[in-house]
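None of the values given here were measured: they were computed from a predicted structure. Just follow the structure's listing: the first ligand is 1, and inside any ligand the first atom is 1.
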Amino acid sequence: MKRRNFLKNSTLTTAGMLSVPFLTSCQENSSKKLAGSDSSKTIRPIAICTWNFMNATAKAWEVLEKGGSSLDAVEQGVMVEEADINNETVGVGGRPDRDGRVTLDACIMDKDANCGAVLCLENIAHPISVARKVMEETPHVMLVGKGAEQFAYEQGFPKTNLLTEKAKKDWLEWKKNSQYETIINIENHDTIGMLAIDKDGDIAGACTTSGMAYKMAGRVGDSPIIGAGLFVDNAVGGATATGVGEEVVRTVGSFLIVELMRQGMSPQEACEEGVKRIMEKNKDRKDFQIGFIAINKKGETGGYCIHPGFSYRTYSEEGHTNNPSDSFLKA
Ligand code: SD4
């Protein structure tokens, strides 16, 4: 049975319960205007993603420009990074766990609050597409490990070696010292989270990663967790995250940001508040990076991070820009 049909009634009911009283204030309270965006005007279609992934947003734009759905746009957009062996934090070429296994996490969410995720998936090059199949072809939201892999083969995905020679060499080098640490803006932070609005004004999002380099076997971060690494509410907007997933999970970061937008904050203000909540729980710790991006129903965007160095890419009919994000800890 298709998940869409299976859950149709219950998702509609939930959306109805969650929606309303503050919706209109989203626009009225948008005080900050971001580079390249005019807050008086609705900008869509539009695609945005974490970091400066120009090819990924260009692909998403190609879909949107032809009148394609935001769901197809985010899937096809992030697949570009999953296939790029030079991106060491996503898909093929991703850094392995400490035992040398590349395990991938991804999730996707559509305009109707349907969602799907795969966690700790091995040997499959495009976890985002498996996540979409989980959403569309099963009654479940998440599949993990061997079960997810088995499901992928059943759906026709080919077995692929994800560990490149370079990633293997780096891992063997790392094993000599076995230090488990993150280097801000350099290592572990090229996860792609993407949000898009299509010509009908519908929002979808996708997030995909190989997670933290040299993580413990079985470790999963925020990226495939709906509400943490990604959240979309078609009545309000969407948000997605990159960085140290444990901290994003603790505040259910992306859900929080969407809820803040529902209460009237602009995407920028909501991302700032999301980062502040994390820092309130980490008063003595400044050795990690997190970046959030968000979009609202009008196509206004925002991004904020802990440390300088994070940026997000926007692609719309107004052109494409790399937006340096303001940061909690100034340079
Ligand atoms: C994680 N949030 O697994 C991911 C890591 C990340 O770029 O963003 N990498 O915690």
Counting only heavy atoms, which portion of Thr89 has something under 4.0 Å from ligand 1: side chain, backbone, both, or neither?
side chain
Please state which part of Arg219 comes within less than 4.0 Å of ligand 1, counting heavy atoms only: side chain, backbone, both or neither.
side chain
Number the atoms of ligand 1 from 1 as they appear, then name those within less than 4.0 Å of a heavy atom of Met212, with their elements.
3 (O), 5 (C), 10 (O)
Minimum non-hydrogen distance to atom 2 (N) of ligand 1, winning option of Asn87, Asp222, Thr50, Thr191:
Asp222
Side chain to side chain, Tyr153 and Asn123, heavy atoms closer than 4.5 Å
yes
Heavy-atom proximity to atom 5 (C) of ligand 1, best of Pro224, Ser223, Gly243:
Gly243
Parallel, tilted or perpendicular, judged at 30° and 60°: which one describes the rings of Tyr315 and His320?
parallel
Take every heavy atom of Lys215, measure it against each atom of ligand 1, and state whether any distance is under 4.0 Å.
no
Is there at least one pair of N or O atoms, one from Gly211 and one from ligand 1, spaced under 3.5 Å apart?
no
Is a side-chain N or O of Lys215 found less than 3.5 angstrom from the main chain of Ser210, in a donor-acceptor match?
yes
For Glu247 and Thr251, what are the C-alpha separation, side-chain angles and deciding distance, and is it a side chain to side chain contact (heavy atoms under 4.5 Å, CB included)?
CA-CA 7 Å; Glu247 298 304 327; Thr251 52; over 6 Å; no
Taking N or O atoms only and a 3.5 Å limit, does Trp51 qualify as a polar contact for ligand 1?
no
How close do Arg95 and Ala213 get, counting heavy atoms only, and between which atoms?
CD-CB, 3.4 Å
Looking at Lys175 and Asp99, is there a salt bridge between them, counting it only when a charged N and a carboxylate O are closer than 4.0 Å?
no
I'd like to know if Asp287 pairs up with Arg285 as an ion pair, taking the criterion as any Lys NZ or Arg NE/NH1/NH2 lying under 4.0 Å from an Asp or Glu carboxylate oxygen.
yes
Indicate yes or no: does an N/O atom of Asp105 lie under 3.5 Å from an N/O atom of ligand 1?
no
